[in-house]
Amino acid sequence: MFLSVFDVFKIGIGPSSSHTMGPMSAANRFLELLLSNDWPRPTGAAVAALKVSLHGSLAFTGIGHGTGRAVILGLVGEEPHSVDPDRMDAIIADVERTGRVTPPGHPSYEFRPATDLIFDKKQPLPGHANGMSFSALDRDGRLLLKRIYYSIGGGFVVTDTELEAMRASKKTASDARVPYPFSSAKQMLEMSQGSGLTIAQMKRANELTKMSAAELDEGVDRIWDAMRNCIDRGLKVDGIMPGGLKVKRRARAIHDRLNEEWRSNRLNPLLANDWLSVYAMAVNEENAGGGRVVTAPTNGAAGVIPATVRYYLHFHDDATQEDIRTFLLTAAAIGGIIKHNASISGAEVGCQGEVGSAAAMAAAGLAAVMGGSPEQIENAAEIALEHHLGMTCDPIAGLVQVPCIERNALGAVKAVTAASLALKGDGSHFVPLDACIETMRQTGMDMSEKYKETSTGGLAVNVVEC
């Protein structure tokens, strides 16, 4: 199994990798298909109109997550990694005014969001909770092409046939095209012991089969730059976040107070936790506002890893750029194992798959740069994930704000605590990471749909919206 670091960490816009980046990418794929010869186009037929229906979690929380906006942006040809957040409102307003989309290289298609973008809460699609159906019609309304896509977490989008193939591949041997094809934590540790390499070194060797060392370093550095810039933006902006809950941004004010304490040398026993929390909140307030973030491994959990890296840089004067690369490569290795064997999708397994996975990845990365052995790194990831098991995904009003923003702060605190505990031991521990990942998968399968990003249970129904 090979999942690149650039599959785990994707640069895109908020507020949700599954509900925003995924649907935008699905629209991009459908446009590519329309221009190709990979579908049986009737002789003389021309596509004149498009329709999209959203199902499952995308239908229930799509308005709060901005899913409809993402679909519109995707249908005009915008992509998650390059769309200008400052132009999005104008683009969407133009489509709503004209009732048409004109992506580059395409003719103009009729698409009226009020009638052609359907939030279907009654009929879920069978493959995954985040299902979408894209249709192309001729000028007489006859269906020419229909494709189903699933947004499976972290910005990943697959067709129904690709999803079946993915699930079948989990039952087969690991990908032998890379030198260290580990698909479980057990295999990872065995390969590390046999090779004498660290987890980051093995991950790096796998990546170098696809690109040069310079390309890898440049790409990983670009990921951190995007994370760092997101923290910096979040620490400078205040005001009310969009969506109607009237939730205030808090990161800037907290950061100002922390800087004042830092300069005055006042004793604060909570200082480390405070810095961790404010960094994570800054990222997720940016995410809630639709800003540019990095899936880590998802947008809803985007603050945990950047906060932990920034914390490490803040309190360790000897930290280097190479440490950041080691951190992110190690975290990506753990994220790949979790995604392969369970899920990182809140709509599939609840928030344990999002913030829980992010905390496990962050704990592993921190343990690695703190000099931990592969066994201690695996232990750190297990501790962090174990203490997120059963966590539900119940965003109020379908917005990635409450409890999501503070939940990232606590995920970062747990990650640092997990790494610290693991480094105090010798790497031996009672619960293997693989067992914890399988437990998360089973727990997610048993969890009521009310608690899996549908906003029909938990805090989403017990807190009165003001």
Side-chain angles (χ1 to χ4, degrees), residues 10-55 58-59 62-63 65-120 130-151 155-159 162 242 289-292 299:
K10 299 188 187 73
I11 300 172
I13 59 166
S16 170
S17 48
S18 292
H19 290 63
T20 307
M21 292 172 60
M24 191 186 301
S25 296
N28 295 156
R29 289 193 60 176
F30 191 67
L31 291 177
E32 291 174 4
L33 180 60
L34 287 180
L35 288 182
S36 74
N37 295 316
D38 296 336
W39 58 284
R41 188 191 304 265
T43 303
V47 176
L50 305 177
K51 290 186 181 293
V52 180
S53 60
L54 305 171
H55 301 262
L58 296 181
I63 294 176
H65 282 73
T67 307
R69 291 168 54 86
V71 169
I72 295 170
L73 291 167
L75 289 179
V76 300
E78 296 287 352
E79 299 182 51
H81 69 279
S82 59
V83 62
D84 182 353
D86 293 331
R87 291 186 60 244
M88 293 191 300
D89 288 345
I91 293 171
I92 292 165
D94 185 63
V95 173
E96 292 174 338
R97 178 180 57 83
T98 63
R100 306 196 71 82
V101 292
T102 310
H106 290 253
S108 179
Y109 303 121
E110 181 180 317
F111 183 76
R112 303 181 183 280
T115 55
D116 296 331
L117 180 58
I118 301 166
F119 292 81
D120 187 345
N130 292 329
M132 298 162 278
S133 175
F134 286 74
S135 300
L137 303 92
D138 66 14
R139 65 179 64 257
D140 296 319
R142 289 181 296 228
L143 180 66
L144 299 178
L145 175 66
K146 181 177 180 179
R147 281 291 185 274
I148 291 173
Y149 299 95
Y150 294 105
S151 183
F156 286 89
V157 172
V158 294
T159 64
E162 289 168 345
R292 194 176 305 284
N299 283 21

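In what follows, every heavy atom counts, from backbone to side chain, and hydrogens, waters and symmetry copies are set aside.
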Inter-residue atom distance Ile13.CD1 - Leu73.CG, 0.5 Å rounding: 6.0 Å
Gap separating the CD1 atom of Ile118 from the OG atom of Ser135, nearest 0.5 angstrom: 8.5 Å
Any donor-acceptor N/O pair, Trp39 side chain to Leu145 backbone, under 3.5 Å: no
Basic-acidic side-chain contact under 4.0 Å: Arg142, Asp138: yes
Polar side-chain atom of Thr20 near backbone of His65 as donor-acceptor pair, under 3.5 Å: yes
pair Glu96-Ile92: side-chain heavy atoms closer than 4.5 Å: yes
Heavy-atom side-chain contact between His19 and Asn130 under 4.5 Å: yes
With sequence neighbours excluded, residues passing side-chain hydrogen bond (donor to acceptor under 3.5 Å, both in side chains) with Thr98: none
Lys10 to Phe156 six-membered ring, cation-pi geometry met (6.0 Å, 45°): yes
Step-by-step side chain to side chain contact (heavy atoms under 4.5 Å, CB included) determination, Met21 to Asn299: CA-CA 9 Å; Met21 292 172 60; Asn299 283 21; 3.4 Å; yes
Heavy-atom closest contact (Gly290 atom, Met88 atom, distance): O-CE, 3.9 Å
side-chain hydrogen bond (donor to acceptor under 3.5 Å, both in side chains) against Ser53, all qualifying residues, sequence neighbours excluded: His55
Heavy-atom pair with the smallest gap, counting every atom of Leu34 and Ala136: CD2-CB, 3.8 Å
Sequence neighbours excluded, every pair satisfying salt bridge (Lys or Arg N to Asp or Glu O under 4.0 Å) that has a member inside residues 21-47: Arg29-Glu162
Residue pair Leu50 / Val47, side-chain heavy-atom distance below 4.5 Å: yes
Flag side-chain contact, heavy atom, 4.5 Å: Asp120 against Leu54: no
For Tyr149, all residues meeting ring-ring contact (aromatic ring centres under 6.0 Å, His included), sequence neighbours excluded: Phe134
Heavy-atom donor-acceptor pair, Thr102 side chain to Ser108 backbone, under 3.5 Å: no
Separation between CG of Leu137 and NZ of Lys146, rounded to the nearest 0.5 Å: 10.5 Å
From Asp116 atom CG to Leu75 atom CG, the distance as rounded to the nearest 0.5 Å: 10.0 Å
From Ser82 atom OG to Arg292 atom CZ, the distance as rounded to the nearest 0.5 Å: 7.5 Å
Tyr150 side chain reached by Thr159 side chain, heavy atoms, under 4.5 Å: no
Closest contact, heavy atoms only, Ser25 versus Gly155: OG-O, 4.5 Å
Test ring-ring contact (aromatic ring centres under 6.0 Å, His included) applied to His81 - qualifying residues, sequence neighbours left out: none
With sequence neighbours excluded, residues passing side-chain hydrogen bond (donor to acceptor under 3.5 Å, both in side chains) with Arg97: Asp94
Test: Arg87 and Glu78 ion pair at under 4.0 Å: yes
Considering all heavy atoms, the nearest Ser36-Leu33 contact: OG-O, 2.8 Å
From Leu117 atom CG to Lys51 atom NZ, the distance as rounded to the nearest 0.5 Å: 10.5 Å
Heavy-atom pair with the smallest gap, counting every atom of Ala45 and Leu144: CB-CD2, 3.9 Å
For the student: nearest non-hydrogen atoms of Leu58 and Pro23, plus distance: CD2-CG, 4.5 Å
Asp140 atom CG, neighbour heavy-atom count above 12 within 6.0 Å: yes
Student check: side-chain heavy atoms of Val52 and Ser133 closer than 4.5 Å: no
